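Heads up, the thing below is written out as structure tokens.
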Amino acid sequence: MSAERARSWQQSSPAQRPQQQQTKRQVKVKVNKKTWITPGEKVLYAVFSLVILAAAAYFVTFAASTYNVNRDLEALDSEISHQQVANKDLTYEVKELSKPERIIDIARDAGLKVQSAKVKEANKVSE
């Protein structure tokens, strides 16, 4: 029996040693985590985002320049309408000042003899 015990002890002894060593060893296993977005997709998303931002900046700049042009156009339109009103007023004033009665009164005040039959309204000469 002692021989059997010795054999059983020899057989069980090497089996127990590797188990003890395995439990003491820390096995480092590298776990590959799957990412949701690959690096190539990240680059594509970044480029796409930059294109979208550049387009948005261009649209805002274009809208601002269009607004400035429209504002200047409205200012010019209002200036033109004021100038047209001033021109109409001056045309009316020219007609009032070129009346024959007024010319005769000014001539008499200056001491001139005026024959009313010869006084005519001055008209524009067309070329």
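FYI, the numbering just counts along the sequence from 1. The structure displayed is predicted, hence computed values, not measured ones.
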What I'd like to find out is whether the side chain of [X] reaches to under 4.5 Å of the side chain of [Y], using heavy atoms alone.
| X | Y | value |
| --- | --- | --- |
| Thr38 | Lys42 | no |
| Leu112 | Arg108 | no |
| His82 | Val85 | no |

### Query
Does Phe62 share a hydrophobic cluster with Phe59, counting links as ILVMFWY side-chain heavy atoms below 4.5 Å and allowing steps through other members?
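In one cluster: yes.
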### Query
Excluding sequence neighbours, so at least two apart, what forms salt bridge (charged side-chain N to carboxylate O under 4.0 Å, His left out) with Glu74?
none
### Query
Cluster partners of Ile52, using ILVMFWY side-chain heavy atoms under 4.5 angstrom, listed by chain and number?
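Phe48, listed by chain and number.
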### Task
Of all the heavy-atom pairs spanning Ile103 and Leu97, show the shortest one and how long it is.
CG1-O, 4.4 Å
### Message
I'd like to know if the side chain of Tyr92 pairs up with that of Glu96 as donor and acceptor (distance under 3.5 Å, no hydrogens or angles considered).
### Response
yes
